[in-house]
Every structure is written in structure tokens, then in C-alpha cells.
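Here is the structure we will look at, set down as C-alpha cells.
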2 protein chains.
Amino acid sequence: MEETNDRGAAPGPVVPGGGTGGAGGAGNAAAAVAAGELPGGRARPKTGKSEQTRAAILGTAMRLFQERGYDRTTMRAIAQEAGVSVGNAYYYFESKEFLIQGFYDLMTQDHARDATARMEGMRDFAERLETALASWLDCAAEYHGFAAQFFRTAADPDSSLSPFSNESHPARATAVALFADVLGGSDLAPKLDAELAELLPDLLWLHLMAVVLYWVFDRTEDTARTREFVRRSTPLVARVIAVSRYRAFRPLVRDATSLIQDFILPAIGRTPLPAPPAPAGKGRR
Amino acid sequence: MEETNDRGAAPGPVVPGGGTGGAGGAGNAAAAVAAGELPGGRARPKTGKSEQTRAAILGTAMRLFQERGYDRTTMRAIAQEAGVSVGNAYYYFESKEFLIQGFYDLMTQDHARDATARMEGMRDFAERLETALASWLDCAAEYHGFAAQFFRTAADPDSSLSPFSNESHPARATAVALFADVLGGSDLAPKLDAELAELLPDLLWLHLMAVVLYWVFDRTEDTARTREFVRRSTPLVARVIAVSRYRAFRPLVRDATSLIQDFILPAIGRTPLPAPPAPAGKGRR
DNA sequence: AGCCAAAGTTGAACGTGTTCAAAACACTCC
DNA sequence: GGAGTGTTTTGAACACGTTCAACTTTGGCT
């Protein structure tokens with residue numbers, strides 16, 4: 001072993017809360033990292049110490065991703081700036097992509113909180129839906145730069161990070177629960193066919209995924225185009241749903257519903273199992 | 001699909017038509033490689049020689065991708081089996097992903113040919129559409145293993161390989177043209193609103209993209225589930241289109257149409273712009 | 001205190017995609 | 001033939017994600 005253990009001088013990992021550079025300015029999600037969640041790693045903590053290290057790594061990664069983009073941020077850089085070794089980063093995150101997963105989980109929670117707050121008091125379904133989607137755009141805004149990377153992995157069926165894969169982390173459940181609330185808190189809910197009401201949360205989540213896809217490809221300033229798209233498309237969605245009750249649309253809606261039930265929902269991991277009622281708001285497992 | 005490795009030990013690049021043409025390892029697409037297309041590389045050929053090298057590399061890559069999967073196929077292995085150096089492979093293909101693009105272009109042409117042939121004589125729109133989609137599933141079947149990789153890059157807006165990106169290679173145009181034919185050759189075409197008929201080819205292409213997404217995640221034997229999904233969903237799509245003419249649906253259809261025209265089509269590169277002459281510029285990132 | 005297993009941490013090493021300066025080749029014009 | 005020019009080919013070198021065997025720290029136990 002070399003006696004020139006330069007590392008000796010370096011202190012331990014960065015301290016939890018303010019450690020990440022004080023005025024750094026990472027977003028809400030990154031800030032929440034330090035709070036001590038436990039999204040997707042593999043560590044089984046006994047002391048809070050390891051949580052700190054984990055948070056330091058994730059926080060640093062997010063900051064660097066924002067600053068330089070995903071591809072140009074190396075694991076070595078993350079480790080160095082977080083004050084740990086490369087191997088240590090891999091002790092907490094199975095791979096570089098898992099860092100994104102860790103971030104995505106946090107952002108999803110941010111979104112659920114923010115959207116719920118914003119919808120407070122609103123009863124009109126279209127309005128609620130638009131608010132929820134706009135909220136997502138705001139929560140995600142600062143990460144637009146490297147969000148593409150997340151979507152890339154989302155499209156990989158082999159990756160356990162894909163939101164479409166069965167065992168996909170709590171993030172999906174949280175998001176779907178939010179949309180259940182979007183519908184449930186609206187004046188539209190009681191008027192709907194029970195069967196349709198059952199499907200809608202998942203469908204609305206799919207709708208969000210489509211919006212996200214749009215957003216990822218949107219290169220306009222502040223993703224203004226996506227915002228406009230949401231503004232224009234949401235009322236239409238609401239109208240389609242509202243109108244589905246009328247006689248003329250019934251046969252079509254019926255067939256579509258059963259198609260979705262048989263093919264779409266199972267594909268996104270919503271097996272027709274005796275699902276326990278998920279309490280809206282806290283998405284833990 | 002014989003596994004006869006008849007090209008193996010040749011020192012130089014594989015011979016032109018005969019090499020792959022003979023017993024050929026890979027499927028139709030790979031065979032067509034040798035024909036001398038010029039999909040997505042960067043070479044500006046003067047002799048036919050370089051085409052041979054290019055085809056040898058692409059063909060070998062496809063074979064190895066099928067045999068071992070995308071990730072477990074190294075550029076070194078491709079180069080070695082194709083009888084060229086690593087650097088040479090990069091001379092013809094900007095990156096490993098571009099190999100997939102080269103393949104995708106070929107498969108798209110296969111599909112267009114096959115689907116057109118199969119639809120011969122059919123007039124019913126639903127039937128034509130289902131045939132076209134089933135044809136795609138058949139053409140793509142043998143590549144299911146590494147198709148995921150293609151879809152991964154498709155979701156990356158920074159990659160010029162994305163079918164959603166503006167300058168996306170001829171493959172998209174070919175596919176859209178096919179769907180225009182699906183519609184145009186059907187008895188439904190004359191009955192349709194002109195505006196709607198204008199949109200439909202692109203929309204149907206989007207529909208295909210959705211099916212592809214489903215297919216990528218489908219793990220059933222021979223992707224039976226996707227096939228069933230197509231069988232069930234196609235009539236519904238046809239009915240929605242057919243029914244859109246009736247008075248009750250008009251306002252909805254109108255709004256949807258304009259929404260699509262304003263937001264969806266431009267996003268997939270169908271800008272109603274004054275169309276500059278010939279953007280010969282190669283896609284960079 | 002001493003011991004031990006588990007948790008945490010390290011950095012060198014490996015495999016792989018990619019780059020690049022130089023060599024080999026092909027072709028044209030003198 | 002030879003000089004000049006553009007194309008094709010080479011393989012060593014580089015950067016990065018990832019692995020791993022060994023080391024250090026922690027905390028419970030006697």
C-alpha cells in the first residue's frame with residue numbers, strides 16, 4: 001500500500017443538509033434528498049450515517065446533471081465532488097441510471113404534493129386536470145435538460161427503471177393515485193360509469209406519459225409549447241370523458257373500455273388482482 | 001434461418017452480393033444490405049467497393065445483434081467478424097447506434113413491400129390496417145430481441161436516430177406513405193372529410209409507434225399478446241374513424257383535428273412550412 | 001477491553017465505445 | 001513512372017461505466 005494516502009486529508013462525506021454547497025441552488029427534489037428518503041438503493045441502514053452519504057451522492061449527481069447534462073457528468077466527477085470514492089457511489093446506486101431513478105421518485109412526490117395543493121377547492125374536472133399537468137411541468141422544469149435520459153431508460157423493457165415495468169417503484173403508484181384524486185375531487189366523478197371511473201386514473205397517467213414525451217422533445221423556451229398543448233388538449237380530454245355517457249357514444253365507449261381493461265392495464269402492471277385500496281397521498285411500499 | 005457461418009474466416013471484407021446473398025445468415029433486411037442502399041452512413045462512394053465494406057459491417061452487426069443481443073455485441077467483435085478494423089467500422093457508422101438505424105431503414109422497406117403485397121385486393125379499411133400492422137409484427141419478429149434498443153434511442157430527442165425528430169431519415173416517410181396507402185386503397189377513403197384524410201396517415205403511423213411500444217414490452221411467446229391486441233384494437237380504430245362523420249361527433253372531431261394539426265403534426269416534423277428545397281445537411285448532434 | 005461480523009469505503013483494474021494521427025490505397029494528371 | 005489528392009483502413013490510445021478484492025469502521029457481544 002502506498003504511504004501517500006492523499007485521501008487521508010479529505011474529511012468524510014459531505015454533511016447532510018447544507019452540505020451540498022450552501023447556496024448551490026438545486027431544486028426542491030434535490031433538497032429533499034437530504035431529508036433521508038429511501039427510494040431505490042440497496043442499503044439497509046442502521047445508523048443515519050449511510051443515509052447522509054447516499055444523500056450526498058444523489059444530491060451531487062443531480063446538481064452535476066443539471067450543470068453539465070447527464071452524459072457529460074462522469075461517475076468519477078460525482079464521487080469526487082461528493083467526497084467519496086467511485087466504488088462507494090456504486091455501493092449505494094446500482095448504476096448511473098439508478099441515480100436518475102432516485103431523483104425521479106423524489107420529483108414524483110414533489111409533484112403530488114404541489115398538484116394537490118394547487119387543486120385545492122377546484123371542482124371542475126378539466127381545470128383540475130390541467131392544473132395537475134401544469135404542476136408537473138413546473139416541477140420538472142429545471143430538469144428538462146437531462147430528463148430525456150430518464151425517458152430513454154423508461155423505454156427499455158429490460159431496465160427495472162421503466163415506469164411501464166411491473167415492479168416499477170412507488171413513483172408510478174404515487175402518480176396514479178394523484179390522478180385518482182384529480183378525478184375523485186371533481187364534479188365529474190359521481191356522474192361517471194363505475195367501470196370507466198376505475199380505468200381513468202391509469203389512463204390519465206398514460207396521458208401524462210404522453211405529455212412527458214411531448215415535453216422531452218419540446219425545444220421551445222420554457223417548454224412553452226408543451227404548456228400550450230396541455231392548455232388546449234385538457235378540455236378536449238374532459239369533454240370526451242363527459243360525453244361518453246351519452247347514448248350515441250355508448251357502444252364505442254364500451255368496446256374501448258374492455259379493450260383497455262384487457263390489454264392496456266395489464267401491460268402497465270395493473271393486473272386485475274384483488275387490489276387493496278390505496279390511500280391517496282402516501283405511496284409507500 | 002440457417003446458422004451456416006459461411007463467411008467467417010475471410011481476411012478482407014466480405015464479397016459483394018454473393019457474400020450475404022448466398023446462404024446469408026440474417027433475415028431479409030440484412031440480405032438487402034448487400035444490394036447497395038445508402039441509408040444513414042456518411043460515405044460518399046465513388047467505387048462500389050466501399051459499399052461492400054459497409055454492407056459487410058452492417059450485415060455482421062445484425063447477425064451478432066440477433067445472436068448475442070445489442071449490449072453483448074462489441075464493436076470489436078463486429079469489426080473482427082466483418083474482417084475490418086474497429087476504426088473502419090466507425091468510418092462507415094458514426095456510432096454503434098447508427099448500425100441500428102441502418103437496420104431499421106431496411107426493415108421499414110421490407111415492411112412496406114410486404115404489407116402492400118398482403119393488402120392486394122383488400123378494400124375494407126379495418127382489414128387493410130390490421131394486415132399492415134400484422135405485417136410489421138412479422139417483419140420485426142426476428143429482431144424482437146434487440147428492438148428494445150432501437151426504441152430506447154427513439155426516445156432520445158438528442159439522437160438524430162429518433163423517428164420523432166425532424167430530419168429523421170427516410171424510414172419515417174416510407175412508413176407514413178404506407179399508411180396513406182392503407183387508407184387510400186380502402187373503401188373508406190372517399191367517404192372521409194378531406195382534412196381528416198390529410199391527418200390520418202401520420203396518425204396511423206403514430207398508432208404503429210404505440211403498437212411498437214406495446215410490442216417492445218411484450219414478453220409472450222411470439223409476441224402473441226401484441227398480435228391479439230392488434231386484432232382487437234384495429235376494428236375499433238376503424239370504427240372511430242368511420243363514425244367521425246356523423247353529426248353527433250362532429251364538434252369533437254373538429255376540435256381534435258385542429259389540435260392535432262396544431263400540435264402533434266408539427267412535433268413529428270410535419271410542419272406546414274414553406275418547405276425549403278433540399279436540406280442536404282447531415283444530422284449532427 | 002477484546003473480538004467479531006456486518007456495513008461501509010477504497011482505488012486499481014477491466015471491458016467497451018469512441019477518437020485520431022498516420023499509413024495504405026486508388027485515381028487522376030503530368 | 002511519379003507527384004498530387006482524396007478515400008479508405010489501421011490500431012493504439014483515451015474516457016468512462018462498472019467490478020472486485022481488500023481494507024477500515026461500526027456496533028454488538030462477552
Side-chain angles (χ1 to χ4, degrees), chain A residues 1-14 38 41-57 61 64-65 68-100 149 152-153 159 161, chain B residues 10-14 38 41-57 61 64-65 68-101 149 152-153 159 161 284-285:
Chain A
M1 187 129 334
E2 327 300 312
E3 62 279 309
T4 53
N5 196 348
D6 44 86
R7 171 130 287 302
V14 184
L38 180 57
R42 48 143 73 127
R44 168 88 359 103
K46 204 161 244 179
T47 78
K49 175 74 177 318
S50 90
E51 283 296 281
Q52 294 176 25
T53 310
R54 194 194 137 85
I57 294 168
L64 293 185
F65 286 164
R68 322 178 181 176
Y70 181 82
D71 281 327
R72 280 196 304 280
T73 302
T74 73
M75 288 300 280
R76 287 169 174 81
I78 294 171
Q80 181 170 349
E81 294 242 344
V84 300
S85 71
V86 192
N88 202 8
Y90 279 92
Y91 181 76
Y92 287 99
F93 297 92
E94 209 164 307
S95 76
K96 194 180 177 187
E97 284 182 348
F98 269 71
L99 285 166
I100 290 195
Q149 200 58 39
R152 249 179 87 101
T153 65
S159 165
L161 299 185
Chain B
V14 181
L38 181 57
R42 46 141 79 119
R44 169 99 345 113
K46 200 163 247 178
T47 78
K49 175 74 179 317
S50 91
E51 283 297 281
Q52 294 173 26
T53 310
R54 193 193 138 86
I57 294 169
L64 293 186
F65 286 166
R68 323 178 180 175
Y70 181 82
D71 281 326
R72 280 196 305 280
T73 302
T74 73
M75 289 300 281
R76 286 167 177 82
I78 293 170
Q80 180 170 349
E81 295 242 345
V84 301
S85 71
V86 193
N88 203 7
Y90 276 92
Y91 180 75
Y92 287 99
F93 297 92
E94 208 165 306
S95 75
K96 194 180 176 187
E97 284 182 349
F98 269 72
L99 285 166
I100 290 196
Q101 170 68 13
Q149 200 58 39
R152 249 179 87 103
T153 64
S159 165
L161 299 185
R284 285 240 98 202
R285 54 160 2 312

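Quick note on labels: first sequence line is chain A, next is B, and so on, each numbered from 1.
When the P atom of dT16(C) is taken as reference, atom CG of D71(A) falls 20 Å away, rounded to whole Å. The distance from atom CZ of R72(B) to atom C1' of dT18(D) is 16 Å, rounded to the nearest whole Å. Between the CE atom of M75(A) and the P atom of dG11(C) there is a distance of 15 Å, rounded to whole Å. In this structure, CD of Q52(A) is placed 14 Å from C1' of dT26(D), rounded to the nearest angstrom. At whole-Å resolution of the value, OH in Y90(B) and C1' in dT7(D) are 21 Å apart. When rounded to the nearest whole Å, the span between OH of Y91(B) and P of dA22(C) equals 18 Å. Summarising the geometry, the separation between CD on Q80(A) and C1' on dT9(C) is reported as 16 Å, rounded to the nearest angstrom. Atom CZ of R54(A) is separated from atom P of dG8(C) by 12 Å (rounded to the nearest Å).
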Between the protein and nucleotides 11-13 of chain D, list every N/O to N/O distance that falls short of 3.5 Å.
none

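Take T74(A) and apply the side-chain contact (heavy atoms from CB on, under 4.5 Å) test, not counting sequence neighbours, and it matches R76(A), A77(A). Every residue meeting the side-chain contact (heavy atoms from CB on, under 4.5 Å) condition with R72(B), not counting sequence neighbours, appears here in chain and number order: R68(B).
The minimum heavy-atom distance linking T73(B) with L64(B) is given by the pair OG1-O, 3.2 Å.
Under 4.0 angstrom from either OP1 or OP2 of dT9(D) there lies at least one side-chain N or O belonging to T53(B).
Side-chain atoms of V84(A) and I57(A), non-hydrogen and from C-beta on, do get closer than 4.5 Å to each other. In this structure the side chain of T53(B) never reaches within 4.5 angstrom of the side chain of Y91(B), judged on heavy atoms.
Between F93(B) atom CZ and Q101(B) atom CD the span is 10.5 Å, to the nearest 0.5 Å.
Relative to the side chain of K96(A), the nucleotides dT18(D), dG17(C), dT10(C) differ in distance, and dT18(D) lies closest.
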